[in-house]
**Student:** 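Here's a structure for you.
One is the number of the first residue; the rest follow in order along the sequence. Predicted model only: the values in this text are computed from it and were never measured.
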Amino acid sequence: MISPFDSKNKVATLLDRVALRVLILTLCVTYFFILWRSGIASLLAGGALFLLVLLTLMLLERRTLSTRDRLLRERVSGMIAMQELLMMPSARANETVCSLLCQMLDAQPVSANTMQYGGETWLVRCAQCPEGSSVSEGDVLAAHRARVESGADKCALVSTAGLSPAATRASEWMDPPVRLISGRQLALIAGRLHPATDEEIARHAKRQRIPFSWQRIRTLALSPAKLPRYLLCAFLLMLMYLLWGSAVTLAACLLSFVLAMLCDRENRRSFRL
């Protein structure tokens, strides 16, 4: 899969652009030739129509590239913000999230983690959940207790990941309800307020690029989940060998069985460690 940070080959891009323009010019000239049956007139009119279409395509391309560039910067900025929030101390994360909400909602900050919005005082808390996890019911209860202790009117619990159904139900039962904001919404807010620069995009792409490693390939090939698959493949290949007697099938069967043995050995070693 091509990542948004990879660029297309320059020669291929040039050939695509030239071929597209030649096709458009041919269609324009052909259209007027069918109408008038005149070569010179069709060539002139087709060339004029081609220039008009080309200008329209250039304007659309610039607009599309501008939109894609803005969306890419917002997406990368949101991902960087989520990673930084996970590594921050709790108090600083609450302050950062409160500042983002104040900028987005045009609210007035009262303290490090409280703001004045809609005539009410809001307590802002950040649940620093790793990617793949979600806010729990306990996080909602902790946010509600913190609001009561601080004397704020309402509370907003912002997560760096998802929201569990139990947390959503618990937030609705509270009086007043706890406003939940998911990590996806927070990433959109951070991206729109502070789009990533070229240096940040390049730095993020460099961190995301995984170098080639034999150890990583071995870990993937000999993971515990692969053991039943190897055994199943060995069993099916053995049946095929008994039916057709192919030496290639037998070799593949033995290879699958060896991989299953290595996978089991690696699993037992990891378990002992």
**Student:** Would you check, one step at a time, whether the test side-chain contact (heavy atoms from CB on, under 4.5 Å) holds for Leu100 with His194?
**Tutor:** CA-CA 10 Å; Leu100 289 174; His194 307 287; 4.0 Å; yes
**Student:** In terms of hydrophobic clustering (I, L, V, M, F, W, Y; side-chain heavy atoms under 4.5 Å; direct or indirect links), are Leu231 and Leu262 co-clustered?
**Tutor:**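 No, because Leu231 and Leu262 fall into different hydrophobic clusters, even though each may have its own neighbours under 4.5 Å.
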**Student:** Without swapping roles, check the side chain of Asp153 against the backbone of Glu120 for a donor-acceptor pair under 3.5 Å.
**Tutor:**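 No; judged by distance alone, with no hydrogens or angles, the pair does not exist.
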**Student:** When rounded to the nearest 0.5 angstrom, what distance separates CD in Gln83 from CE in Met79?
**Tutor:**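 Reported to 0.5 Å precision, the distance equals 6.0 Å.
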**Student:** Decide, yes or no, whether a salt bridge links Arg70 with Glu74 under the criterion of side-chain N to carboxylate O below 4.0 Å.
**Tutor:**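 Counted as a salt bridge, because a side-chain N and a carboxylate O are separated by less than 4.0 Å.
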**Student:** State whether the side chain of Arg147 and the backbone N or O of Lys154 hold a donor-acceptor pair below 3.5 Å, judged by distance alone.
**Tutor:**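 No, because the side chain of Arg147 does not come within donor-acceptor range (under 3.5 Å) of the backbone of Lys154.
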**Student:** Look at Asp198 together with Arg73 and state whether they make a salt bridge at an N to O cut-off of under 4.0 Å.
**Tutor:**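 Salt bridge flag = yes for Arg73 with Asp198.
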**Student:** Which heavy atom of Met82 sits nearest a heavy atom of Gly183, and at what distance?
**Tutor:**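 In terms of heavy atoms, the two residues are closest at SD-O, 3.8 Å.
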**Student:** Taking Asp139 for its side chain and Ser136 for its backbone only, find out whether a donor-acceptor pair lies under 3.5 Å.
**Tutor:**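 Yes; judged by distance alone, with no hydrogens or angles, the pair exists.
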**Student:** In Å and rounded to the nearest 0.5 Å, what is the CG to CG distance from Leu239 to Leu243?
**Tutor:**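 Atom-to-atom, Leu239:CG and Leu243:CG are 6.5 Å apart.
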**Student:** Mind checking the CG-OG spacing from Leu232 to Ser256? Nearest 0.5 Å is all I need.
**Tutor:**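 If we round to the nearest 0.5 Å, Leu232:CG and Ser256:OG are 9.5 Å apart.
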**Student:** Atom CG of Leu193 and atom CG of Leu188: how far apart are they, to the nearest 0.5 Å?
**Tutor:**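 With rounding to 0.5 Å, CG (Leu193) is 10.5 Å from CG (Leu188).
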**Student:** When rounded to the nearest 0.5 angstrom, what distance separates CE in Met238 from SG in Cys253?
**Tutor:**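 The CE atom of Met238 sits 3.5 Å away from the SG atom of Cys253.
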**Student:** Tell me, yes or no, whether the heavy-atom count around Arg21 atom CZ, taken from other residues, nucleotides or ligands under 6.0 Å, exceeds 12.
**Tutor:**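 Check passes, neighbour count above 12.
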**Student:** Please tell me whether Val18 and Leu25 are part of a single hydrophobic cluster in this structure, the criterion being side-chain heavy atoms less than 4.5 Å apart.
**Tutor:**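 Unlinked, Val18 and Leu25 end up in two clusters.
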**Student:** For residues Thr96 and Ser99, is any side-chain donor paired with an opposing acceptor at under 3.5 Å?
**Tutor:**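 No, no side-chain donor-acceptor contact under 3.5 Å.
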**Student:** With a cut-off of 3.5 Å and sequence neighbours excluded, list every side-chain donor-acceptor pair involving residues 32-57.
**Tutor:**
{"unit_1": "Ser42", "atom_1": "OG", "unit_2": "Phe32", "atom_2": "O", "d": "3.3"}
{"unit_1": "Ser42", "atom_1": "OG", "unit_2": "Phe33", "atom_2": "N", "d": "3.1"}
{"unit_1": "Ser42", "atom_1": "OG", "unit_2": "Ser38", "atom_2": "O", "d": "2.4"}
{"unit_1": "Thr56", "atom_1": "OG1", "unit_2": "Leu52", "atom_2": "O", "d": "2.9"}

**Student:** Are Thr197 and Glu200 packed together at the side-chain level, in the sense that at least one heavy-atom pair is separated by less than 4.5 angstrom?
**Tutor:**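 Heavy-atom side-chain distance check passes, below 4.5 Å.
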**Student:** Is there side-chain contact between Leu180 and Val140, with heavy atoms separated by less than 4.5 Å?
**Tutor:**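 Yes, their side chains come closer than 4.5 Å.
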**Student:** Where do Ala161 and Pro130 come nearest, in terms of heavy atoms and distance?
**Tutor:**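 Minimum heavy-atom contact is CB-O, 3.5 Å.
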**Student:** Does the side chain of Gln103 come within less than 4.5 Å of Ile189's, by heavy atoms?
**Tutor:**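 Of all side-chain heavy-atom pairs linking Gln103 with Ile189, none is under 4.5 Å.
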**Student:** With no hydrogens and no angle check, is any side-chain donor or acceptor of Asn94 less than 3.5 Å from a backbone partner on Cys126?
**Tutor:**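 Checking the backbone N and O of Cys126 against the side chain of Asn94, a donor-acceptor pair under 3.5 Å is found.
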**Student:** So, taking the atom named OG in Ser150 and the one named CG in Leu123, what distance separates them when rounded to the nearest 0.5 Å?
**Tutor:**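 Spacing of OG (Ser150) from CG (Leu123) equals 4.5 Å.
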**Student:** Quick one, Met174 and Leu141 - any side-chain contact, counting heavy atoms below 4.5 Å?
**Tutor:**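 Yes, their side chains come closer than 4.5 Å.
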**Student:** Side chain to side chain donor-acceptor pair (under 3.5 Å): which pairs involve residues 157-175, sequence neighbours left out?
**Tutor:**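 Passing the test, one end in residues 157-175: no pairs.
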**Student:** Set out, in order, the CA-CA distance, both residues' side-chain angles and the distance that settles side-chain contact (heavy atoms from CB on, under 4.5 Å) for Trp122 and Gln116, then state yes or no.
**Tutor:** CA-CA 6 Å; Trp122 286 73; Gln116 192 75 21; over 6 Å; no
**Student:** Set out, in order, the CA-CA distance, both residues' side-chain angles and the distance that settles side-chain contact (heavy atoms from CB on, under 4.5 Å) for Ile181 and Leu101, then state yes or no.
**Tutor:** CA-CA 11 Å; Ile181 301 177; Leu101 292 181; 4.0 Å; yes
**Student:** Evaluate whether atom OH of Tyr230 has more than 12 neighbouring non-hydrogen atoms of other residues, nucleotides or ligands under 6.0 angstrom away.
**Tutor:**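 Atom OH in Tyr230 is crowded, with more than 12 foreign heavy atoms closer than 6.0 Å.
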**Student:** Identify which one of Asp16, Ile24, Val22 satisfies the side-chain contact (heavy atoms from CB on, under 4.5 Å) criterion when paired with Leu20.
**Tutor:**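 Only match with Leu20 under side-chain contact (heavy atoms from CB on, under 4.5 Å): Ile24.
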**Student:** Side-chain contact, heavy-atom cut-off 4.5 Å: Arg125 with Leu157?
**Tutor:**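 Sidechains of Leu157 and Arg125: in contact.
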**Student:** Is Leu255 close to Leu237 at the side-chain level, that is, under 4.5 Å between some pair of heavy atoms?
**Tutor:**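 In short, these two side chains do not touch, never coming nearer than 4.5 Å.
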**Student:** Are Met240 and Leu250 joined in one hydrophobic group, where the rule is that I, L, V, M, F, W and Y side chains link up if heavy atoms are under 4.5 Å apart?
**Tutor:**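 No, it is not one cluster - the side chains of Met240 and Leu250 are not joined through contacts under 4.5 Å.
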**Student:** Using the rule that two of Ile, Leu, Val, Met, Phe, Trp, Tyr join whenever any of their side-chain heavy atoms come within less than 4.5 Å, decide whether Leu186 and Val135 are in one cluster.
**Tutor:**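 Per the 4.5 Å side-chain linkage, Leu186 and Val135 are not co-clustered.
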**Student:** I need the minimum non-hydrogen distance between Cys98 and Met115, along with the two atoms involved.
**Tutor:**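 Taking Cys98 first and Met115 second, the nearest heavy atoms are SG-CB, 4.2 Å.
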**Student:** Do the non-hydrogen side-chain atoms of Ser90 and Gln128 ever get within less than 4.5 Å of each other?
**Tutor:**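 With C-beta onward as the side chain, the pair touches.
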**Student:** If we only count heavy atoms from C-beta on, is the His144 to Val148 side-chain gap below 4.5 Å?
**Tutor:**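 A side-chain contact under 4.5 Å exists here.
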